[in-house]
There are 2 protein chains.
Amino acid sequence: MTIKEVAEKFNMTNDTLRYYEKVGLIGPVKKNSSGIRDYSDNDLRRIEFIKCMRSAGLSIEILKKYVDLYEKGDSTKLERQHLLEEEQEKLEEKIKTMTDALDKLKYKIELYKTDKLDKYL
Amino acid sequence: MTIKEVAEKFNMTNDTLRYYEKVGLIGPVKKNSSGIRDYSDNDLRRIEFIKCMRSAGLSIEILKKYVDLYEKGDSTKLERQHLLEEEQEKLEEKIKTMTDALDKLKYKIELYKTDKLDKYL
DNA sequence: TATTGACTTAGACTAGACTCTAAATGCTAT
DNA sequence: ATAGCATTTAGAGTCTAGTCTAAGTCAATA
């Protein structure tokens, strides 16, 4: 699969794909005889995972750490699990924060709708 | 209230408070005779709102737009409501995205825990 | 064969949101 | 009154995560 096809499939840019490869989140992707990337199914699986985690706000740094551990082999399984568990906690907290803000936002909108808005911002 | 007290109360830095004031999210905050900020209750209310919305990911740009509309008076009520409704939608989508990612993360952790991990990242 | 368009690289640039620095002034305690 | 810490300003610097540019290569088409 070409970079363009992958980019379209996952709704991201060619630049971002090359950038992820450069920082070591994916690949190195195989190139054909004339130097053009040809993404494998395994590459696609990784990209999907990375994309999903990035969209949830996991940093490139933490994902890189996870990928590096994975590359080191089975001996890092427990460490990888712990890393993911930490990110799970952070994510749960973030979702909680956002849900609280959403509730406040909804309440304020309700004040607008019922014209019970007070004099403050 | 001094900038330091406000910063502590809301767990942010003096710099951030001055920055928010510079870009027009709050204030201008009153200064005492020797030029030092003295935050009013109204300032605090604003800061709390801004802080909450920022923590949910609303951009400074959009919050500035909201504040500017507020400053223009009652004639902008409907526009403000619409702005908030749009942000509500975005926020709901973001929470959904994050919840989906969280589910995948939990599933992967479960694979680690039960040692059913497949050979992929 | 010439052009067009996709791909490649290295490296510069950008946006957003702070965060820090320097130099000046002010407040408090000794 | 002097030290030592907090505050002020303008403006520079930082960090993250891309995004863009320039210069070059390659394959397919007119």
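What you see is a predicted model, and the numbers here were worked out from it, not measured in a lab. Numbers restart at 1 for each chain; the letters A, B, ... are given by sequence-line order, proteins then strands.
Taking the side chain to side chain donor-acceptor pair (under 3.5 Å) definition, one finds that B/T13 meets it with B/T16, sequence neighbours left out. Residues passing the salt bridge (charged side-chain N to carboxylate O under 4.0 Å, His left out) test with A/K96 are A/D100, sequence neighbours excluded. In this view, A/Y112 and B/Y66, B/R80 satisfy the side chain to side chain donor-acceptor pair (under 3.5 Å) rule, not counting sequence neighbours. For B/E5, the salt bridge (charged side-chain N to carboxylate O under 4.0 Å, His left out) test picks out no residue, with sequence neighbours left out. Scored by the salt bridge (charged side-chain N to carboxylate O under 4.0 Å, His left out) test, A/E71 finds A/R46 as partners (sequence neighbours excluded). For A/Y19, the side-chain contact (heavy atoms from CB on, under 4.5 Å) test picks out A/V23, A/I60, with sequence neighbours left out. Under the side chain to side chain donor-acceptor pair (under 3.5 Å) criterion, A/S40 pairs with A/D43, not counting sequence neighbours. Every residue two or more places apart in sequence or in another chain that forms a salt bridge (charged side-chain N to carboxylate O under 4.0 Å, His left out) with B/D115 is listed here: A/K77.
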| Heavy-atom protein contacts under 4.0 Å, nucleotides 8-22 of chain D, coded B base, S sugar-phosphate only, - none | BB-B-----BBBB--
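Applying the salt bridge (Lys or Arg N to Asp or Glu O under 4.0 Å) definition to pairs two or more places apart or across chains, those involving residues 7-34 of chain B are B/D15-B/R18, B/E21-B/R37.
Axis angle between the ends of the helix from C/dT1-D/dA30 to C/dT30-D/dA1, five pairs each and rounded to 10 degrees, works out to 10°.
The shortest non-hydrogen separation linking B/A7 to B/N14 is CB-OD1, 3.4 Å.
Extent of DNA chain C lying under 4.0 Å from chain A heavy atoms, first and last nucleotide in 5' to 3' order, is C/dC7 to C/dG11.
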